[in-house]
There are 4 protein chains.
Amino acid sequence: MNHENKQQAVRSMLKKLSQVKREEGGLKSFVMRSIRLDGSEEEILEEMAQWFLAVRDLSKQGALPSRFSLSEFIPVFCRIAEDKNIGADRFFSGVLEKMVLESEEVLRGAPKPSTKDKILDAALDVFSEKGFHLATVDEIAERAGVGKGTLYRYFANKETLFNELVQLRLDELEKSAMAILDGEDDVLTMITKYLRVYFEFFDQNQRLYRLIVQEGLDVGDQVQDLYFKKVMRRIPLLKRKIYGARQQGLLKDVDFHTVFYGVMGFMHGVIQKWLARDCSYSLVEELPGVVEVLFYGFVNTSKFVESQN
Amino acid sequence: MNHENKQQAVRSMLKKLSQVKREEGGLKSFVMRSIRLDGSEEEILEEMAQWFLAVRDLSKQGALPSRFSLSEFIPVFCRIAEDKNIGADRFFSGVLEKMVLESEEVLRGAPKPSTKDKILDAALDVFSEKGFHLATVDEIAERAGVGKGTLYRYFANKETLFNELVQLRLDELEKSAMAILDGEDDVLTMITKYLRVYFEFFDQNQRLYRLIVQEGLDVGDQVQDLYFKKVMRRIPLLKRKIYGARQQGLLKDVDFHTVFYGVMGFMHGVIQKWLARDCSYSLVEELPGVVEVLFYGFVNTSKFVESQN
Amino acid sequence: MNHENKQQAVRSMLKKLSQVKREEGGLKSFVMRSIRLDGSEEEILEEMAQWFLAVRDLSKQGALPSRFSLSEFIPVFCRIAEDKNIGADRFFSGVLEKMVLESEEVLRGAPKPSTKDKILDAALDVFSEKGFHLATVDEIAERAGVGKGTLYRYFANKETLFNELVQLRLDELEKSAMAILDGEDDVLTMITKYLRVYFEFFDQNQRLYRLIVQEGLDVGDQVQDLYFKKVMRRIPLLKRKIYGARQQGLLKDVDFHTVFYGVMGFMHGVIQKWLARDCSYSLVEELPGVVEVLFYGFVNTSKFVESQN
Amino acid sequence: MNHENKQQAVRSMLKKLSQVKREEGGLKSFVMRSIRLDGSEEEILEEMAQWFLAVRDLSKQGALPSRFSLSEFIPVFCRIAEDKNIGADRFFSGVLEKMVLESEEVLRGAPKPSTKDKILDAALDVFSEKGFHLATVDEIAERAGVGKGTLYRYFANKETLFNELVQLRLDELEKSAMAILDGEDDVLTMITKYLRVYFEFFDQNQRLYRLIVQEGLDVGDQVQDLYFKKVMRRIPLLKRKIYGARQQGLLKDVDFHTVFYGVMGFMHGVIQKWLARDCSYSLVEELPGVVEVLFYGFVNTSKFVESQN
DNA sequence: AATGAATGAGTTTTCATTCAT
DNA sequence: AATGAATGAAAACTCATTCAT
């Protein structure tokens with residue numbers, strides 16, 4: 001519905017905008033760039049309104065470090081108004097008007113984030129920042145821009161929220177992983193693809209990592225289970241492939257589970273490094289190195305064997 | 001007890017004493033203790049011994065410009081002995097004996113598990129069972145068989161208890177790891193030994209694992225930091241060795257940190273498997289397989305297989 | 001409601017609104033609220049009213065370079081009204097009405113004693129009965145007829161509750177006292193009035209006395225400080241008056257601070273007597289005697305008695 | 001007994017010395033003055049030892065801001081030793097020896113403070129610093145240099161300790177006050193003397209003031225009672241005198257109790273001022289001003305009446 | 001008599017969850 | 001459906017008091 005769309009979009013924007021203060025200067029410097037402030041008064045108003053609305057989208061896409069509050073913008077608007085010699089009050093009400101009209105247009109196309117999605121987004125935010133126990137339902141509800149009661153309409157309790165959050169994403173991962181295991185690639189290609197899917201997933205879901213891997217244990221042992229069960233479910237498939245490869249002499253005869261857990265661990269280690277580097281590069285870049293080491297070890301045997309490298 | 005024995009005893013005592021520092025106040029309270037020159041002969045001996053130890057330790061800490069030798073104090077002891085009508089000879093050896101016993105009591109002496117140990121044991125129990133947040137001080141105290149207040153006599157708060165618990169064990173691990181890195185082995189031997197030490201450690205401290213590795217993040221980022229910092233501190237040493245080995249063409253030219261984190265992760269993965277098997281076998285048994293894969297990969301290259309790459 | 005009425009209403013509303021600031025977040029939350037342009041007509045009116053109030057207030061705070069007049073916004077409101085298919089006329093007056101009601105609700109509206117008031121009342125009860133340390137939060141909550149958690153919704157902790165309780169009343173006293181000191185009376189009249197204000201205040205706030213005067217020291221030195229600082233703040237004014245009077249030979253040349261503290265003490269002494277008599281009479285009745293003694297002493301000099309000195 | 005004397009003196013000294021750290025620099029600067037560091041090695045040792053012991057006495061007399069720890073002295077000793085080219089260790093043991101001998105001598109004459117007195121002293125310290133509720137029995141025992149259990153041998157509980165502490169001192173005050181009221185002076189002289197006694201008492205017992213006047217209420221209403229009951233007990237005597245004086249026309253006919261409470265309050269007010277000035281002058285100095293105002297008021301009537309002033 | 005480790009009742013404070021509006 | 005004020009169970013932590021040595 002039109003009205004609801006608008007409401008949700010604007011509200012969520014403002015809510016999100018309402019937390020930028022921490023990152024001082026972040027907003028301000030951003031605000032002043034990239035706005036064309038020439039042209040008629042009308043055009044400036046238009047510009048500002050669109051700009052303000054654009055920020056919302058950026059914010060939603062995660063391209064901005066944090067959220068913004070309307071009040072943050074008011075001084076900016078006023079400075080511009082002063083600069084352009086437009087009465088601050090007229091300027092302001094003009095922008096407001098434009099925003100109202102504009103938002104209507106913009107929102108028509110925007111897929112409204114459902115309440116549930118808003119909550120899940122906020123939950124991921126908070127959980128990954130503070131961990132399960134230190135996160136409070138209050139904060140999640142606040143960040144989601146919904147009432148606490150509403151949250152409880154969608155999730156039976158905090159734990160359920162957490163689990164559903166993780167499970168949801170995990171399902172995506174599983175789906176991708178399954179697709180690979182169900183494929184017809186040879187073992188090594190399959191493993192490489194498998195690793196790539198993992199890296200890509202966490203590349204995309206950075207904050208999820210600690211939730212899944214590091215928080216899992218506390219929350220009633222369910223998530224940890226989940227994580228490993230999902231991962232393990234398709235193992236038989238993999239196992240068969242691997243045993244086949246082994247018999248062809250392609251793979252060494254080391255205990256399958258040891259290697260499996262080890263490889264997963266290796267991958268997690270690399271993710272740790274990546275987290276320690278603040279996710280400043282793409283995880284996938286690590287893939288070649290990882291594959292090289294896991295397949296052929298880190299000892300350089302090339303003096304004798306040339307086919308590698 | 002002959003003189004050499006005494007010397008030996010004193011030396012070992014002082015060495016051990018110097019490890020007490022951590023226990024906040026432990027040493028300070030020594031220093032603060034007054035010199036009681038009345039009471040029974042026994043008490044005077046005790047008093048002098050402790051006083052001397054306090055001075056000695058200040059000296060060792062570098063708080064004093066010069067080092068004190070026991071022999072310098074002998075005249076003082078004699079004077080006091082005379083004053084107190086205790087045979088100077090008996091007085092002196094008495095003091096020495098007290099000094100030795102004191103240290104023995106404080107450091108070696110866990111004839112019955114001390115209260116602190118009982119608490120630490122119970123804490124390990126509960127923390128590893130429930131995680132930091134779900135563990136309650138009440139339960140730890142109860143399992144330790146002490147009152148809640150007693151627990152707080154020994155640990156300032158829950159967090160301190162947790163950290164001290166982990167740090168204590170971690171120090172052992174670090175010490176072993178350091179010993180290896182400081183050694184003169186070639187790189188591959190060193191890495192093998194390093195992995196062995198890890199496996200042995202967790203073999204011995206099964207329940208500790210999740211505390212150290214999985215709880216770390218919550219508890220004020222301190223433990224996680226600790227864990228990795230401790231491990232990382234010696235990295236430069238390792239790095240140098242590895243770069244050396246690389247230049248000799250012994251190791252591949254894969255990013256050092258990637259491999260390091262990866263190898264640690266591999267190891268953790270194997271530990272996970274072991275935990276999943278309820279620690280039903282010795283972790284060290286995994287070592288050969290782990291080393292084989294990490295060194296030379298899991299691909300069998302011995303047969304010039306073409307399907308790869 | 002005619003136009004003047006509205007003007008009047010808005011003015012009084014805004015004035016009252018500006019007093020809300022203390023209630024932390026009270027205003028901020030206004031500002032933070034988003035503009036909802038969907039939902040029922042009623043909701044839109046509400047939304048616009050609140051939004052305007054927020055801007056208005058920023059303006060009043062000096063955060064904006066110019067002041068906004070309501071009239072500037074009228075076109076915007078009209079545009080929105082048009083857009084939403086609400087009669088512009090009805091829309092506007094609706095918004096205005098909401099604005100007035102909003103303020104009424106927030107500020108005047110204590111038809112039933114608010115939760116916060118109930119807590120403050122109970123706190124005064126308990127604190128004055130048992131003192132700060134012996135009063136328990138449990139008892140205060142119980143007497144207020146609210147849950148413990150509710151109390152903590154309104155006051156960050158016990159100390160804050162105490163301070164807010166005292167500070168609130170103290171502000172009244174200070175306001176009255178200031179009014180007198182700022183007046184144009186001659187010194188003696190001023191002092192008399194000052195004493196009267198004090199007596200009247202404690203007549204009205206019997207139980208508060210011990211809290212303010214006798215508990216002060218413990219609670220982080222804040223209240224005691226507060227009490228005296230508030231009282232002292234206006235001293236320079238008084239001092240000037242008194243020095244003037246002194247030069248005219250009206251007052252004796254006794255150290256100002258000695259007399260000031262002494263007079264305050266005298267007053268407190270009389271209050272003590274009154275408390276000892278269970279506040280069974282009006283404190284103000286003591287005023288004439290107090291003034292007589294403080295002004296002219298308790299020695300009867302009217303008869304040229306020689307035995308003195 | 002000799003031994004006990006020594007023990008107590010040294011121990012109490014060291015205990016007291018053990019708290020100077022707070023007042024930084026306080027000790028160090030003090031330490032370096034007033035020591036003659038010329039003469040033979042023997043003389044220096046002697047000097048240091050005596051000096052160290054002297055500090056104890058100063059400390060006990062309250063002439064030093066706080067307490068000292070032995071360890072604080074060691075660096076000083078060492079610096080001197082170095083400076084004088086005496087082996088630090090020999091120097092140190094020399095001083096120790098001297099101290100032992102010296103303390104024996106010094107202590108023979110010192111009236112040993114009984115355990116109970118030590119506790120009362122410490123209690124006054126702590127209570128007046130922190131107030132009844134914030135003071136802990138632990139700290140009192142520690143500062144008294146006795147075990148907690150010992151404290152409980154002498155006082156049934158914390159409250160009793162507090163009351164006994166206050167009562168003890170109050171008795172002194174009462175005794176002095178009684179002596180005056182029992183005297184044959186005329187009323188005004190008597191009142192003047194009475195006020196003097198009060199001022200002298202609190203001059204001598206600075207820290208006691210807040211205990212008696214400001215803490216009283218909490219501690220089971222007993223102390224407050226005590227204070228006023230003691231003060232009031234002799235009132236009838238005073239009252240009779242005053243009524244007599246009144247009938248002679250010497251005193252004004254203002255309600256006796258009002259004036260009595262008022263005068264006491266005036267006095268307390270002046271004490272407050274004095275406390276606010278950190279007791280930096282003698283309270284008794286205020287007496288003339290206080291008497292002048294109370295007797296004849298602060299209004300200057302001298303234009304008409306010459307007999308005053 | 002002296003000690004100080006041990007104790008647990010009693011406090012403050014938090015936060016997931018409910019429910020009237 | 002949405003809300004957020006109200007709740008109280010549960011947790012951390014303190015400290016006066018006891019009691020075995």
Side-chain angles (χ1 to χ4, degrees), chain A residues 4 7 115 119 132-142 144-161, chain B residues 29 39 43 114-116 118-119 133-142 144-161, chain C residues 29 39 43 114-116 118-119 133-142 144-161, chain D residues 4 7-8 115 119 132-142 144-162:
Chain A
E4 277 185 19
Q7 180 210 9
T115 301
I119 295 170
F132 180 78
H133 292 287
L134 265 34
T136 68
V137 173
D138 277 76
E139 187 172 0
I140 293 170
E142 197 196 6
V146 303
K148 228 188 311 185
T150 308
L151 191 149
Y152 275 90
R153 287 201 77 71
Y154 290 94
F155 303 93
N157 52 39
K158 192 182 170 187
E159 198 175 317
T160 301
L161 168 57
Chain B
S29 65
E43 285 163 5
S114 76
T115 302
K116 190 164 184 175
K118 281 192 293 178
I119 294 170
H133 291 286
L134 293 178
T136 69
V137 174
D138 279 77
E139 185 172 358
I140 294 170
E142 198 191 11
V146 303
K148 218 189 320 183
T150 307
L151 189 150
Y152 279 93
R153 281 190 65 74
Y154 291 93
F155 303 92
N157 50 41
K158 191 182 169 186
E159 198 176 319
T160 300
L161 168 56
Chain C
S29 66
E43 284 164 6
S114 76
T115 302
K116 190 165 185 175
K118 281 192 292 179
I119 295 170
H133 291 287
L134 293 179
T136 69
V137 173
D138 279 78
E139 186 173 357
I140 294 171
E142 197 191 11
V146 302
K148 224 185 318 183
T150 307
L151 191 150
Y152 278 93
R153 281 189 65 74
Y154 292 93
F155 303 93
N157 52 40
K158 190 182 169 187
E159 198 176 320
T160 299
L161 169 56
Chain D
E4 277 186 20
Q7 178 212 10
Q8 268 153 5
T115 301
I119 295 170
F132 180 78
H133 291 286
L134 265 34
T136 67
V137 173
D138 277 75
E139 188 172 358
I140 293 170
E142 197 197 3
V146 303
K148 226 188 315 185
T150 309
L151 190 148
Y152 276 90
R153 287 202 76 71
Y154 289 95
F155 303 93
N157 52 37
K158 192 183 171 186
E159 198 175 319
T160 302
L161 169 56
F162 182 88

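Lettering follows sequence order; numbering is per chain, from 1.
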Is the shortest side-chain N/O distance from A:Tyr154 to OP1 or OP2 of F:dA2 below 4.0 Å?
->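 Indeed, a polar side-chain atom of A:Tyr154 lies that close.
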
For C:Thr115 and F:dA5, is the shortest distance between a side-chain N/O and OP1 or OP2 below 4.0 Å?
->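 C:Thr115 to F:dA5 OP1/OP2: no side-chain N or O under 4.0 Å.
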
Would you classify A:Phe155 as touching base, sugar-phosphate or nothing, given that sugar-phosphate means primed atoms plus P, OP1 and OP2, and contacts are heavy atoms under 4.0 Å?
->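 Nothing, no heavy atom under 4.0 Å.
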
Please identify each residue that fulfils salt bridge (Lys or Arg N to Asp or Glu O under 4.0 Å) with B:Glu142, with sequence neighbours left out.
->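 Expected list: none.
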
Atom pairs and distances, donor-acceptor, side-chain atoms in residues 145-153 of chain C, under 3.5 Å, two or more places apart:
residue, atom, partner, partner atom, Å
C:Lys148, NZ, C:Asp138, OD2, 3.3

Starting at NZ of B:Lys116, measure out to CG of B:Leu161 and round the result to the nearest 0.5 Å.
->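 With rounding to 0.5 Å, NZ (B:Lys116) is 9.5 Å from CG (B:Leu161).
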
Rounded to the nearest 0.5 Å, how far apart are CZ of D:Phe155 and CD1 of D:Ile119?
->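 It comes to 5.5 Å.
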
Considering all heavy atoms of both residues, which atom of B:Lys158 and which atom of B:His133 are nearest to each other, and what is their separation?
->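 Shortest heavy-atom separation between B:Lys158 and B:His133 comes out as NZ-O, 3.6 Å.
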
For the pair made of CD1 in A:Ile119 and P in F:dA1, what is the distance, rounded to whole Å?
->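 Spelled out: CD1 on A:Ile119 to P on F:dA1 is 12 Å.
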
Euclidean distance, atom CD of residue A:Glu142 to atom P of F:dA2 [Å, nearest integer] =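 So the two atoms are 18 Å apart, to the nearest Å.
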
Nearest to the side chain of C:Arg153, which nucleotide is it out of F:dA2, F:dT3, F:dA5?
->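 Taking heavy atoms from C-beta onward, the closest nucleotide is F:dA5.
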
Got a sec, which residues hit side chain to side chain donor-acceptor pair (under 3.5 Å) with B:Thr136, two or more places apart in sequence or on another chain?
->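 Partners of B:Thr136 under the side chain to side chain donor-acceptor pair (under 3.5 Å) test: none.
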
Annotated structure of DNA chain F as dot-bracket, pair cut-off 3.5 Å, Watson-Crick or G-U only, | for inter-strand, is .||||||||||||||||||||

Quick tally for nucleotides 11-21 of chain F: nucleotides whose base has a protein heavy atom under 4.0 Å get B, sugar-phosphate-only ones S, the rest -, giving SSBBBSBB---

